[in-house]
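Okay, structure first, notes after.
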Protein chains: 2
Amino acid sequence: MAENNSNFMSGVPELLILRLVREKEMYGYELVQAIRERSRDAIALGEGVIYPVLHALERDGALSSSRKTVNGRSRVYYALTAAGAQRLDDLAGNWSRLTGAIQSILVGVQHA
Amino acid sequence: MAENNSNFMSGVPELLILRLVREKEMYGYELVQAIRERSRDAIALGEGVIYPVLHALERDGALSSSRKTVNGRSRVYYALTAAGAQRLDDLAGNWSRLTGAIQSILVGVQHA
DNA sequence: CATTATACCTCGCGCTGCAAGGTATTGACC
DNA sequence: GGTCAATACCTTGCAGCGCGAGGTATAATG
């Protein structure tokens, strides 16, 4: 029963988080803004999306957390683990295959 | 209260159906196979996905249906309406903006 | 004459994204 | 000193979508 169902278009928030954290340690509130800014407001994931995903990723061993105080601000920083890097690769591969397939339908490529 | 919520990644089945029907009238069973074949098995939407979407699109005036008998086979063909064409354009535009934004995060584009 | 393919349909569930709410601390402003 | 906005964390509950699973009927196949 350890199978992961989920529908074919889901898991994008997870993918974005893993990708951003790969570059440097980040905390939840920072991720919320980073996604909004980097996507130029095309994607606006709120805290109600980000925090639960972070907790799930840590539970699964894809991220590790460490509480730090910076500028008198207490933050929970998340870093990518080896397992997380693997998971990122998998998700990115799936995403690329999926969007490629959709694109080929949208542009009406000649289908053998 | 006639607002359409739905999450930011949903509506892809709808988009694919509208796009395929734009080229020629199609029926449900045909769409199921067309999507699978054109995506080279990357996307496999079953009838439990396709039929409800077709009904919703017709209800919304994006598709019109006509029962026809071909080769002794009774089929419900769906054709794109003007409203449907408009909706297709909207969805395709959104999709393109969305995937562009995701892509820019994935490749790590320099964010002003 | 049974099985497979065609063709339609619906019910019900799981999961995800998300809004909405809640807490606590810091800095700014008057 | 008091108020407000921003920072930073968190959880609950629900709506909606995708989808498996099931059901019907007819035509073709062997």
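Below, chains carry the letters A, B, ... as their sequence lines are ordered, and counting in each starts from 1.
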Atom-pair distance (CZ on Arg75(A); P on dC10(D)), nearest Å: 14 Å
Qualifying residue, where the test is side chain to side chain contact (heavy atoms under 4.5 Å, CB included) with Leu88(A) and the options are Ile17(A), Val21(A), Leu15(A): Leu15(A)
Short side-chain N/O contact to dC8(C) OP1/OP2 from Tyr29(B), under 4.0 Å: no
No-H, no-angle donor-acceptor pair, Glu47(A) side chain to dC9(D) base, under 3.5 Å: yes
Carboxylate-amine/guanidinium contact Glu30(B) Arg75(B), below 4.0 Å: no
Tyr51(B) OH - dA25(D) C1' separation (whole Å): 12 Å
For atom OH of Tyr27(A) and atom P of dA24(C), their distance in whole Å: 21 Å
Of Pro52(B) and Ser10(A), the one whose closest DNA chain C nucleotide lies more 5': Pro52(B)
Shortest non-hydrogen separation from Gly61(A) to Ala83(A) and the atoms involved: O-CB, 3.6 Å
Nucleotide dA7(C), atom C1' - distance to CD of Glu25(B) in whole Å: 16 Å
Considering all heavy atoms, the nearest Phe8(A)-Leu98(A) contact: O-CD2, 3.3 Å
Stretch residues 60-74 of chain B: residues that reach within less than 4.0 Å of DNA chain C through a heavy atom: Arg73(B), Ser74(B)
Under-4.0 Å side-chain N/O to phosphate OP1/OP2 contact, His55(B) with dT10(C): yes
Presence of salt bridge, Glu23(B) and Arg38(B), under 4.0 angstrom: yes
Identified stems (criterion: three or more consecutive Watson-Crick or G-U pairs, under 3.5 Å), DNA chain C: C:1-30 with D:1-30
ring-ring contact (aromatic ring centres under 6.0 Å, His included) contacts touching residues 56-91 of chain A (sequence neighbours left out): Tyr27(A)-Tyr77(A)
Touch class at under 4.0 angstrom, heavy-atom based, for Gln33(B) against every strand present: sugar-phosphate
Nearest heavy-atom neighbours spanning Ser65(A) and Val76(A): CB-CG1, 3.8 Å
Whole-Å gap separating P (dG18(D)) and CD1 (Ile50(B)): 10 Å
Spacing between Leu45(A) atom CG and dC9(D) atom P, to the nearest angstrom: 16 Å
Nearest-Å distance for atom pair CZ/P, residues Arg36(A) and dC18(C): 11 Å
First of Gly28(A) and Val53(B) reached from the 5' end of DNA chain D, by closest nucleotide: Gly28(A)
Closest approach of Val49(A) to Val53(A) (non-hydrogen atoms, all atoms of both residues): O-CG2, 3.2 Å
Integer-rounded Å distance: dA7(C) P and Met26(B) CE: 12 Å
Any donor-acceptor pair under 3.5 Å from Ser96(B) side chain to Ala92(B) backbone: no
5' priority, DNA chain D, between Met9(A) and Tyr77(A) [closest heavy atom]: Tyr77(A)
Interatomic distance, Arg97(A) atom CZ to Ile43(B) atom CD1 [nearest 0.5 angstrom]: 12.0 Å
